[in-house]
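The structure under discussion appears below in the form of structure tokens.
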Amino acid sequence: MLSQRLVDSLFPPGLPEPEHWERRYPPRDLPEGAQVTRFSPSPTGYLHIGGVYVATIDVDIARHSGGRYLVRLEDTDQARVAEGAAEQFAEAFAYFDIGPDEDDQTGHYGPYAQSGRADTYLTYVRELLRQGKAYPCFATRQELEEITARQRAAGALPGYYGKWAIWRDAPEDQVTARLAAGDPYVVRYRSPGLTGARVSFTDAIRGELTLDDNRNDAVILKSSDAEPRLPTYHFAHAVDDHLMRVTLVIRGEEWISSVPLHLQLFDALGFERVQYAHIALLMKQDGGSRRKLSKRKDPEATVSFYIEQGFPAPAVQYYLRGLANGRLAEMPLPEALAAPIRLSDMGTAGPLVDMVKLDDICADYVATLPGEEILAEVTTWARQYAPDLVPVLEAERSLALRALAIEREGSDNKRKDLRKWADFPAVYGFFFPELFVLVTDPADARFGGLDPELVRAVADAFASKYTPPGSDADWFGQIRQLAADLGFAPSRKAYRQDPEAYPGSIVEASKVIRVLLAGSPDSPGLEAVAAALGTDEVLRRVRAVL
């Protein structure tokens, strides 16, 4: 064990003792049973939708237990920090309403980014060195590669441990000499684990798990030639979870293998162990197999995809909560958002992300919203992702509301063609003269191959005797009449019975009007569309083909 004099010389003078941090971050005054959870994203890239999934569970459990939920940015790997990642996280937290209960302005347990907590980590690294539970290691990359090669040749388990840990029991004079030479070093934890030893712990989702104990002398403080000098994730999370008084760590199942090391660190530091809950990762069906949802392969894996497309946040939250607890997927949306998520109801098989199912949920949700709210959401989305749409919506507000009311307001069978805000231009854009492209070619394929002269005849007959929608008028009667006058069959059945006698049925005649008014053979009811557009706009569109 190194002398305290040597150990202390490795650290800045005036570095606080552990008692300082214990007083600085006292136990939280919370009711019995309250859980303190944390979401700890790493700003090395875009946030995965699985992160929102985990944070949703964190938020729910903390708040239903009367506890606290915090976000801690794990940015100790400064070389891999991606520009703009922190801002993207903040946008996602706001969009999905998973912002923390405390931050650097409001909380008492910050800083809430690990890069701002360097002195805290140094205090506890020094404490482990003083107790002989850690040691400086000067092994070079080449030496580590040689150790690995010798282990492979000897059939030994890989790692830096036991006799393979060449600096584990180095004498103090050897350490002093290397320090005097200015050689860079890391600090390693002296693991008490033995090869072949096993350790058990209780996972809040999976129950009791038994794993190989950690035998490796893991690096806990990065190289001395780095500035600022920061710890590794394993060490930082143990210190932070203790001082921030976290009680429950919910994270992906890929971290299960790290639990033995993490438990050793908690014990070595004299901290009470936190409880772990390892969730199954979100999956995707890929042909006949399942795989992890991948940011590299799947656009729906990134949170930015949902925000840029304008998926309604409550609908996405409802879907994610249903993946966590199947019983919530069976409840109506408002009830499911209010009901608690239970870790005991979570499975150990990764839930499949089904975008078709999510689209259906979004369509059902949007169908429940009043037109005013839909217009407000679309406008907010458009300000960032479709700015050219904003002046149109603002100038044609009443038209937008009339369009949104069609087959929604007062209807038991509401339209469900709007799933996300990015769909609005495609679904409702035709209502706006500024966005609508007039149909001027009578041979346009959207008319279904009808003779161009007949298309013109239908348009001319409709325009010349046009009657706008009214409460007493049989508005569709004028299409029925012009179809009869131009020789169309009164029904599809009549046309099929004698196709040589007619150019088409009334369906084909009304399709002409539908394409001229809406630009598509599929649209809401023609009478409602005509009423929303108004007489002048109806006639302008119909006459364009003449």
Side-chain angles (χ1 to χ4, degrees), residues 41 45-57 59-60 88-89 91-98 252-254 279-334 336-337 341 345-369 374 377-378 380-382 384-386 414-429 520 522:
Y46 293 114
L47 185 62
H48 194 285
I49 190 63
V52 174
Y53 178 60
V54 173
T56 296
I57 300 167
V59 171
D60 191 88
Q88 194 249 355
F89 291 169
E91 180 186 24
F93 300 154
Y95 192 86
F96 291 106
D97 193 24
I98 51 175
E253 62 188 355
E254 70 271 23
I279 67 170
L281 302 180
L282 298 182
M283 308 292 284
K284 180 171 181 174
Q285 192 71 36
D286 193 351
S289 62
R290 295 156 57 108
R291 60 169 173 78
K292 290 191 298 184
L293 194 63
S294 164
K295 284 196 288 186
R296 185 171 58 86
K297 298 179 181 179
D298 309 312
E300 68 270 27
T302 60
V303 172
S304 57
F305 169 80
Y306 298 87
I307 297 175
E308 291 169 9
Q309 289 294 307
F311 281 82
V316 178
Q317 283 281 19
Y318 171 76
Y319 180 63
L320 293 177
R321 292 168 72 85
L323 294 182
N325 282 179
R327 63 186 173 82
L328 301 181
E330 305 301 320
M331 297 180 183
L333 186 144
L337 294 183
I341 292 174
D345 288 351
M346 295 190 70
T348 57
L352 284 172
V353 173
D354 183 345
M355 294 305 293
V356 174
K357 177 66 174 176
L358 177 58
D359 276 349
D360 289 344
I361 289 171
C362 289
D364 290 341
Y365 171 73
V366 173
T368 68
L369 301 179
I374 295 173
E377 292 284 1
V378 171
T380 298
W381 167 84
Q384 185 164 358
Y385 299 106
K414 298 180 184 294
R415 289 186 66 82
K416 295 182 179 179
D417 49 2
L418 187 62
R419 295 172 172 81
K420 51 190 182 293
W421 313 134
D423 293 342
F424 186 88
V427 176
Y428 287 99
S520 169
D522 300 311

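Starting from 1, each residue takes its place in the sequence as its number. Below, each value reflects all heavy atoms present in this structure, side chains not excepted, and no hydrogens, waters or symmetry copies.
Every residue was checked against the side chain to side chain contact (heavy atoms under 4.5 Å, CB included) condition with Ala426, not counting sequence neighbours, and none meets it. The side chain to side chain contact (heavy atoms under 4.5 Å, CB included) check on Ala382 picks up Ala386, Leu389, Val390, with sequence neighbours excluded. Under the side chain to side chain contact (heavy atoms under 4.5 Å, CB included) criterion, Val54 pairs with Phe39, Asp58, Ile250, Ile279, sequence neighbours left out. Annotation: side-chain hydrogen bond (donor to acceptor under 3.5 Å, both in side chains) contacts of Glu308 (sequence neighbours excluded): none. Scanning for salt bridge (Lys or Arg N to Asp or Glu O under 4.0 Å) contacts around Glu300 gives Lys284, with sequence neighbours left out. Taking the side-chain hydrogen bond (donor to acceptor under 3.5 Å, both in side chains) definition, one finds that Gln88 meets it with nothing, sequence neighbours left out. By the salt bridge (Lys or Arg N to Asp or Glu O under 4.0 Å) test, Arg419 pairs with no residue at all, sequence neighbours left out. Residues forming a salt bridge (Lys or Arg N to Asp or Glu O under 4.0 Å) with Asp423 (at least two apart in sequence, or on another chain): Lys420. By the side chain to side chain contact (heavy atoms under 4.5 Å, CB included) test, Ala324 pairs with Tyr53, Ile57, Ile341, Met346, sequence neighbours left out. Partners of Lys416 under the salt bridge (Lys or Arg N to Asp or Glu O under 4.0 Å) rule, at least two apart in sequence or in another chain, are Asp364.
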Next on the checklist: Apply side-chain contact (heavy atoms from CB on, under 4.5 Å) to residues Arg321 and Asp60 and explain how you reach the verdict.
Outcome noted: CA-CA 10 Å; Arg321 292 168 72 85; Asp60 191 88; 3.0 Å; yes
Checklist entry - Should Trp421 and Val366 be marked as a side-chain contact (heavy atoms from CB on, under 4.5 Å) after you check the CA-CA gap, both sets of side-chain angles, and the distance that decides it? => result CA-CA 10 Å; Trp421 313 134; Val366 173; 3.9 Å; yes
Next on the checklist: Using side-chain contact (heavy atoms from CB on, under 4.5 Å), reason through Arg291 and Gln285 one step at a time and then give a plain yes or no.
Outcome noted: CA-CA 7 Å; Arg291 60 169 173 78; Gln285 192 71 36; over 6 Å; no
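Counting heavy atoms from C-beta on, the side chains of Ile374 and Leu418 come closer than 4.5 Å. A 4.5 Å side-chain heavy-atom check between Ile98 and Val52 finds at least one atom pair inside the cut-off.
The two residues Tyr365 and Pro314 make their nearest non-hydrogen contact at OH-CG, 3.4 Å. Closest approach of Leu333 to Ala315, counting heavy atoms only: CD1-CA, 4.1 Å.
A donor-acceptor contact shorter than 3.5 Å links the side chain of Asp298 to the backbone of Ser294. The backbone N or O of Tyr46 lies less than 3.5 Å from a partner atom in the side chain of Lys295, making a donor-acceptor pair. Between the side chain of Tyr318 and the backbone N or O of Met331, at least one donor-acceptor pair lies under 3.5 Å.
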Name each donor-acceptor pair under 3.5 Å that joins a side chain in residues 348-360 to protein atoms two or more places apart or in another chain, with its distance.
from, atom 1, to, atom 2, distance (Å)
Asp354, OD1, Val356, N, 3.0
Asp354, OD1, Lys357, N, 3.2

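Atom OH of Tyr95 has more than 12 neighbouring heavy atoms from other residues, nucleotides or ligands inside a 6.0 Å radius. No more than 12 heavy atoms of other residues, nucleotides or ligands shown are found within 6.0 angstrom of NZ on Lys292.
Sorted by first and then second residue, the pairs that involve residues 283-309 and meet ring pair (Phe, Tyr, Trp, His ring centres under 6.0 Å), not counting sequence neighbours, are Phe305-Phe311, Tyr306-Phe311.
Note that CD1 of Ile307 and CD of Glu91 are 4.0 Å apart. Values are rounded to the nearest 0.5 Å. The distance from atom CZ of Arg327 to atom CG of Asp345, rounded to the nearest 0.5 Å, is 5.0 Å. How far CG of Leu323 is from CG of Leu282: 6.5 Å, rounded to the nearest 0.5 Å. Of the inter-residue distances, the one linking Phe96 atom CZ with Leu320 atom CG reads 7.5 Å to the nearest 0.5 angstrom. The distance from the CG atom of Asp417 to the CG atom of Asp522 is 10.5 Å, given to the nearest 0.5 Å. Taken to the nearest 0.5 Å, the OH atom of Tyr319 stands 13.5 Å off from the OG1 atom of Thr56.
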